[in-house]
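Because only heavy atoms are used, hydrogens play no part in the values below, and waters and symmetry mates are left out as well, while side chains stay in. Numbers restart at 1 for each chain; the letters A, B, ... are given by sequence-line order, proteins then strands.
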2 protein chains.
Amino acid sequence: MPKRVDHEQRRRQIGEALLRIASTRGLQSATMREVAAEAGVSLRLVQYYFHTKEQLLLAALAYLAEQLTERVSASIRALGPVTARTVVYGTLTAVLPTDEESVRLTRAYTGFYTLLFSREAEMATRHGATYPDKLESLLATQITAAQEGGEVAADVDPALTAAALLALTNGLGSSVLGGQRDGAAARLILEDQLGRLFHTVESSTPTPVRAPTHRRDRHEHT
Amino acid sequence: MPKRVDHEQRRRQIGEALLRIASTRGLQSATMREVAAEAGVSLRLVQYYFHTKEQLLLAALAYLAEQLTERVSASIRALGPVTARTVVYGTLTAVLPTDEESVRLTRAYTGFYTLLFSREAEMATRHGATYPDKLESLLATQITAAQEGGEVAADVDPALTAAALLALTNGLGSSVLGGQRDGAAARLILEDQLGRLFHTVESSTPTPVRAPTHRRDRHEHT
DNA sequence: AGGTTGATGATACGCTCGTATCATCATAAG
DNA sequence: CTTATGATGATACGAGCGTATCATCAACCT
């Protein structure tokens with residue numbers, strides 16, 4: 001027998017090559033031959049580790065979800081103490097395409113999400129479809145907690161608001177990817193809404209958000 | 001010379017066949033041959049009236065924008081007197097995929113919007129890109145007017161809020177198209193946000209848009 | 001009337017795609 | 001030292017794509 005190579009490592013190498021293509025040239029450019037070239041292997045190798053293209057896409061989607069989850073939790077941790085507010089802020093700003101990495105992730109994710117519409121295959125019932133639902137219920141939980149802490153008005157519906165925040169973030173992400181505005185402008189819009197949601201009750205002065213690194217007073221979106 | 005046929009009518013026939021395919025099987029299934037079959041003409045005819053595929057896509061996009069604009073204004077009119085509130089409600093609910101027609105339009109529009117990401121061609125600089133911007137400024141204007149009327153709190157930023165509403169609507173539309181929820185649920189979420197923005201004391205459940213009979217000659221397709 | 005010309009049909013070309021086939025090589029097992 | 005086998009390479013195949021080419025037919029002008 002030959003070298004007995006680490007299959008998982010090879011699969012990862014190829015899968016991430018696909019993600020790299022998906023986030024630059026688009027998923028529709030992620031052909032088997034292109035992926036092979038990007039990964040620096042032969043076409044046969046790609047076929048060897050992924051019998052069919054759908055398997056490759058599925059594996060790449062799993063890797064993408066992995067990276068996305070990791071980024072979200074890192075973003076939450078970066079905001080300091082874990083409170084309802086930091087969880088909501090961290091989660092939503094993490095998936096907003098503001099820096100280079102989030103642009104990459106969002107681009108790739110959008111590609112897969114688009115594949116869902118056309119239903120070329122029955123993929124996405126594995127990870128992609130349930131992913132937003134999990135995020136949504138997580139956000140709803142945090143909003144409820146914030147209500148008990150008095151940070152969020154009692155008359156907001158947590159489920160409806162969580163869904164709205166997530167949809168807002170996705171819509172903003174699409175507008176950034178579509179070139180309508182840049183990531184900073186999108187963040188301003190998101191934080192404006194978040195600041196309106198999380199108003200500390202005791203302070204009547206609109207000193208809303210107290211997000212760590214930036215203030216949100218002026219808004220000049222192109 | 002032969003029959004001297006109406007070219008514009010033929011182009012429309014073919015262009016709408018493409019839109020029909022785009023809203024059912026997806027834009028990537030809208031090949032020249034499929035469009036020809038859907039329109040009931042030969043492949044040569046499609047090539048005759050649109051020298052290249054990009055021209056066909058561009059024309060179809062123009063038709064789509066036309067229909068979308070018409071639906072938005074019809075939706076506004078259906079809400080009764082033209083006020084800031086009805087304009088905002090009508091505009092946003094019109095582009096939300098709730099009934100069959102809006103699903104069709106949104107699906108097709110999403111297809112074109114997706115094409116923008118991959119930039120297979122330099123299209124979309126014609127209509128698609130400027131379309132959301134125009135909607136956004138229109139909404140901002142209406143919000144400002146509503147503020148002067150006292151329907152909207154004075155401390156909301158019209159531009160930021162208009163952008164947020166549009167992004168929210170787009171995000172909700174994507175979630176509907178992706179199968180995460182249905183149109184009615186999306187409308188609830190949107191109206192919850194709108195009701196929170198337009199807080200007049202009377203506000204007894206604003207009638208949702210429900211574009212009535214809305215005559216549009218559409219041939220049924222299989 | 002008849003030829004010029006706009007409208008339409010049939011079919012071919014070259015390309016790229018996903019996938020399949022055949023061959024080769026290196027190494028662990030006996 | 002074989003030898004069976006896991007890993008890899010080269011290439012072929014059939015389908016679908018956008019586009020191009022050649023042919024045909026009907027009508028308008030002179």
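Looking at S75(A), its side chain never comes within 3.5 Å of a backbone N or O of R71(A) through a donor-acceptor pair. Judged by distance alone, the side chain of T161(B) and the main-chain N or O of P158(B) form no donor-acceptor pair under 3.5 Å.
The distance between atom CG of L56(A) and atom C1' of dT19(C), rounded to the nearest whole Å, is 14 Å. If you take CD1 of I14(B) and C1' of dA7(C), they are 12 Å apart, rounded to a whole angstrom. Rounding to whole angstrom units, OH of residue Y49(B) and P of dT19(D) are separated by 18 Å. Straight-line distance from the CG atom of L43(A) to the C1' atom of dG18(C): 9 Å, rounded to whole Å. Between the C1' atom of dT11(D) and the CG atom of L45(A) lies a distance of 15 Å, rounded to the nearest Å. Spacing between atom CD of E54(A) and atom C1' of dC17(C) amounts to 16 Å, rounded to whole angstrom units.
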What are the atom names and distances for every N/O pair under 3.5 Å that joins the protein to nucleotides 21-23 of chain D?
from    : atom 1 : to     : atom 2 : distance (Å)
dT21(D) : O4     : R44(B) : NE     : 3.3

Every protein N/O within reach of nucleotides 15-17 of chain D N/O, cut-off under 3.5 Å:
from    : atom 1 : to     : atom 2 : distance (Å)
dC17(D) : O5'    : T31(B) : OG1    : 3.4

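Contacts of F50(A) with the nucleic acid, taken as non-hydrogen atoms under 4.0 Å apart, are absent.
A search for ring pair (Phe, Tyr, Trp, His ring centres under 6.0 Å) contacts involving Y49(B) returns H7(B), not counting sequence neighbours. Partners of T86(B) by side-chain hydrogen bond (donor to acceptor under 3.5 Å, both in side chains), not counting sequence neighbours, listed by chain and number: T83(B). E100(A) pairs by the side-chain hydrogen bond (donor to acceptor under 3.5 Å, both in side chains) definition with nothing, not counting sequence neighbours.
The distance from the CG atom of L168(B) to the CG atom of L166(A) is 10.5 Å, given to the nearest 0.5 Å. Note: L197(B) CG to L165(B) CG = 6.0 Å, rounded to the nearest 0.5 Å.
Neither OP1 nor OP2 of dT8(D) sits under 4.0 Å from any side-chain N or O of Y48(A).
Identified under the side chain to side chain donor-acceptor pair (under 3.5 Å) test for residues 57-69 of chain A, with sequence neighbours left out: E8(A)-Y63(A), R12(A)-E66(A), T69(A)-Y131(A).
Counting only N and O atoms by type, the side chains of Q47(B) and R44(B) include no donor and acceptor under 3.5 Å apart.
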